[in-house]
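Residues take their numbers from the sequence shown, with the count starting at 1. Order of listing sets the numbers, starting from 1, for every ligand and every atom in it.
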Amino acid sequence: MKKNFKEVVFSGVQPTGNLHLGNYLGAMKNFVELQKKMECIYCVVDLHAITVFQEPQELNKNILETTAGFLACGLDFKKSIIFNQSSVSGHAELAWIFNCVSRVGWMNRMTQFKEKAGSNKENASVGLYVYPNLMAADILLYKATHVPVGDDQKQHLELARDIAQKFNNDFRNENFFPIPEPLIQKKISRVMSLRDGKKKMSKSEESDYSRINLGDSEDEIKKKIKKAKTDSLPIPEKSEDLKNRPEALNLLTIYSSITDSTLEKTLKEMNGKDFSKFKENLSDALISTICPIGKKIQDLRKDKSYLLKILKEGSNRAREVSEHNLNKIKEIVGFI
Ligand code: TYM
């Protein structure tokens, strides 16, 4: 008989540069919704960030910037726990235990490692290779049951489920860890690059024209949308007709998501229009949602002590929740 676990939400964002529209629509917008109905823990995952070298000063700045981003998007530190990963040592401790539960064969299947390590795998950090085990530790340290993420994290989530299952089996403790459920937005699971509709929008893409950053000005948003790749056909009536038009599909999906509508409704509203006209509507919709967030990030960034206080409080709460679980895990493993 499976135990009924208390519903707990956990998710993380790396402090490695600008937050962008992909982070917002794919994950953070959902974080805000979830905090209205569940116990939520949101983490600035700085231990994950250093799997690729970060200049210490930059990292420090980016941890605060991501915290500001969380608050600016609407996370409430009184409702949700907001903290940075490195301040709760249980993440690293449980990751080590999971390094010993997880299998090399499982790691070798991770597509994100292959993408990030590129052609020079020998030179990638060992941390980058075992990154998914740390991610499983983040989630399971809190016995989280639900994990809101973008579609690109799906494989890592499946691995976290395998690790939870294997730990429960190996240590004959069938109901110890819950098997966490990914919560992936159905309407917009993957926001694509503005320059190439087959690639995801990402912080690491060289061209800034490929993404909308949460800190972009009105002019930058207008320019980027104007330059965004499309095709010469008008907007169709049916979503099936967007099958081989990835850039068109991406822009229309972004518009639907940012206006809290559906692709079908957007097509009904826009069909027959050419893209230059639609792009004006898209820019306006983006500006009215993104620019106020950017402005809040800018204001919050000025108050470093406020951001530090929120992280400290959040870390204390996270430590409290996780300590009990970690002690139990150590006992199950056989440590004294
Ligand atoms: P990260 O920092 O790359 O991204 C943060 C969140 O944004 C989502 N995302 C996107 N969603 C849709 N379209 C896109 N183009 C796009 N780009 C990013 C990501 O899916 C993610 O939800 N490994 C994670 C961080 C992490 C984590 C965790 C997440 C560490 N531990 C535990 C959940 C639970 C990462 O690198 O996300």
Side-chain angles (χ1 to χ4, degrees), residues 8-32 34 40-52 54 62-63 65-67 69-70 73 75 83-86 88 91-92 94-95 98 110-113 115-116 127-128 130-161 163-164 180-205 210-214 246 250 253-254 257-258 318 322:
V8 176
V9 171
F10 182 95
S11 199
V13 175
Q14 289 200 58
T16 45
N18 292 327
L19 292 170
H20 55 73
L21 190 66
N23 299 130
Y24 179 67
L25 294 179
M28 291 161 77
K29 199 170 171 220
N30 206 10
F31 294 179
V32 177
L34 287 164
C40 295
I41 306 172
Y42 295 122
C43 184
V44 180
V45 290
D46 46 11
L47 295 175
H48 277 93
I50 63 162
T51 55
V52 174
Q54 305 291 321
N62 283 334
I63 293 170
E65 181 93 13
T66 306
T67 310
F70 277 181
C73 287
L75 290 186
F83 75 109
N84 64 312
Q85 192 184 22
S86 62
V88 178
H91 290 257
L94 184 56
F98 285 172
M110 295 295 116
T111 53
Q112 200 159 84
F113 173 74
E115 278 162 26
K116 285 201 176 169
L128 189 66
V130 292
Y131 174 120
N133 295 340
L134 175 60
M135 191 164 151
D138 299 338
I139 298 164
L140 294 168
L141 184 61
Y142 302 92
K143 292 196 170 185
T145 52
H146 294 83
V147 186
V149 280
D151 177 68
D152 60 323
Q153 296 300 317
K154 199 170 162 195
Q155 195 186 32
H156 290 160
L157 246 294
E158 279 158 12
L159 184 96
R161 290 166 63 88
I163 289 177
E181 289 288 336
L183 297 177
I184 298 175
Q185 302 276 59
K186 282 202 188 70
K187 286 190 258 174
I188 191 154
S189 58
R190 197 178 275 241
V191 179
M192 308 311 271
S193 156
L194 300 179
R195 309 297 282 163
D196 178 350
K198 292 200 181 86
K199 269 192 183 165
K200 77 167 182 181
M201 185 178 283
S202 129
K203 302 175 198 182
S204 51
E205 181 66 39
S210 68
R211 63 185 160 260
I212 302 285
N213 302 307
L214 297 190
N250 187 38
T253 311
I254 291 175
S257 177
I258 205 94
S322 61

Indicate yes or no: does an N/O atom of D151 lie under 3.5 Å from an N/O atom of ligand 1? no
Of A137, G150, G17, which has the heavy atom at the shortest distance from atom 21 (C) of ligand 1? G150
Provide, to 0.1 Å, the distance between atom 26 (C) of ligand 1 and the closest protein heavy atom, together with that atom's residue and name. G12 O, 3.8 Å
Answer side chain, backbone, both or neither: which part of N23 comes under 4.0 Å from ligand 1, heavy atoms only. both
Is a donor on one side and an acceptor on the other found under 3.5 Å between the side chain of S11 and the backbone of V147? no
How far is atom 2 (O) of ligand 1 from its nearest protein heavy atom, and which residue and atom name does that atom have? Q14 N, 2.8 Å
Look only at the side chain of T66 and the backbone of N62, and say whether a donor-acceptor pair between them is shorter than 3.5 Å. yes
Name the orientation class of the two ring planes belonging to F70 and F31 (parallel below 30°, tilted from 30 to 60°, perpendicular beyond 60°). perpendicular
Looking only at N/O atoms, are R190 and ligand 1 under 3.5 Å apart anywhere? no
L19 versus M28, closest heavy-atom pair with distance: CD1-CE, 3.9 Å
With no hydrogens and no angle check, is any side-chain donor or acceptor of N18 less than 3.5 Å from a backbone partner on N213? no
So for T16 against ligand 1, with non-hydrogen atoms under 4.0 Å, the contacting part is neither
Could you tell me which atoms of ligand 1, counted from 1 in the order shown, lie closer than 4.0 angstrom to a heavy atom of V13? 2 (O), 5 (C)
Atom NZ of K154: over 12 foreign heavy atoms under 6.0 Å: no
Specify the protein heavy atom at minimum distance from atom 23 (N) of ligand 1: its residue, its atom name, and the distance to 0.1 Å. Y131 OH, 2.7 Å
Polar proximity ligand 1 side, Q153 side, N/O cut 3.5 Å exclusive: yes
Below 3.5 Å, N or O to N or O, backbone or side chain included: is there any such pair between P148 and ligand 1? no
Calculate, to the nearest 0.5 Å, the distance between atoms CG and CG belonging to N133 and L140 respectively. 11.0 Å
Here the atoms of ligand 1 under 4.0 Å from any heavy atom belonging to G26 are 11 (N), 12 (C)
Going by the angle between their ring planes, with limits at 30° and 60°, are F10 and F83 parallel, tilted or perpendicular? perpendicular
List every atom of ligand 1 that sits less than 4.0 Å from any heavy atom of M201, numbering the atoms from 1 in the order shown and giving each element. 14 (C), 15 (N), 17 (N)
Report yes if M135 has an N/O atom closer than 3.5 Å to an N/O atom of ligand 1; otherwise report no. no
So how far is it from C40 SG to L75 CG, rounded to the nearest 0.5 Å? 8.5 Å
To the nearest 0.5 Å, atom CG of N250 lies from atom NZ of K199 at 13.5 Å
Check whether any side-chain N or O of E181 sits under 3.5 Å from a backbone N or O of H146 as a donor-acceptor pair, and report yes or no. no
Flag, side chain of R211 to backbone of E205, donor-acceptor distance under 3.5 Å: yes
Note: H48, heavy atoms under 4.0 Å from ligand 1, region reported as side chain
of all protein heavy atoms, closest to atom 31 (N) of ligand 1 is D138 OD2, 2.7 Å
So which of S193, S11, G22 gets nearest to atom 16 (C) of ligand 1, if we judge by its closest heavy atom? G22
Are any side-chain N or O atoms of Q54 and backbone N or O atoms of V52, one a donor and one an acceptor, separated by less than 3.5 Å? yes
Checking heavy-atom distances from atom 15 (N) of ligand 1 to each of D152, V191, V44, the winner is V191
Report, in ascending order of atom number, the atoms of ligand 1 lying under 4.0 Å from any heavy atom of H20. 17 (N)
Counting from 1, what ligand 1 atoms have a heavy atom of V147 closer than 4.0 Å? 33 (C), 34 (C)
Between atom CD1 of I258 and atom NZ of K29, what is the distance when rounded to the nearest 0.5 Å? 6.5 Å
Tell me whether F10 has any N or O atom under 3.5 angstrom from an N or O of ligand 1. no
Element-labelled atoms of ligand 1 that are located less than 4.0 Å from some non-hydrogen atom of A27: 6 (C), 7 (O), 22 (O)
At less than 4.0 angstrom from any non-hydrogen atom of S189, what atoms of ligand 1 do you find? 12 (C)
Polar contacts were defined as any N/O atom of the residue lying under 3.5 Å from an N/O atom of the ligand; does this apply to K116 and ligand 1? no
At under 4.0 Å between heavy atoms, which part of V149 makes contact with ligand 1: side chain, backbone, both or neither? both
What closest approach, in Å, do A144 and V9 show between heavy atoms, and which atom pair accounts for it? CB-C, 4.4 Å
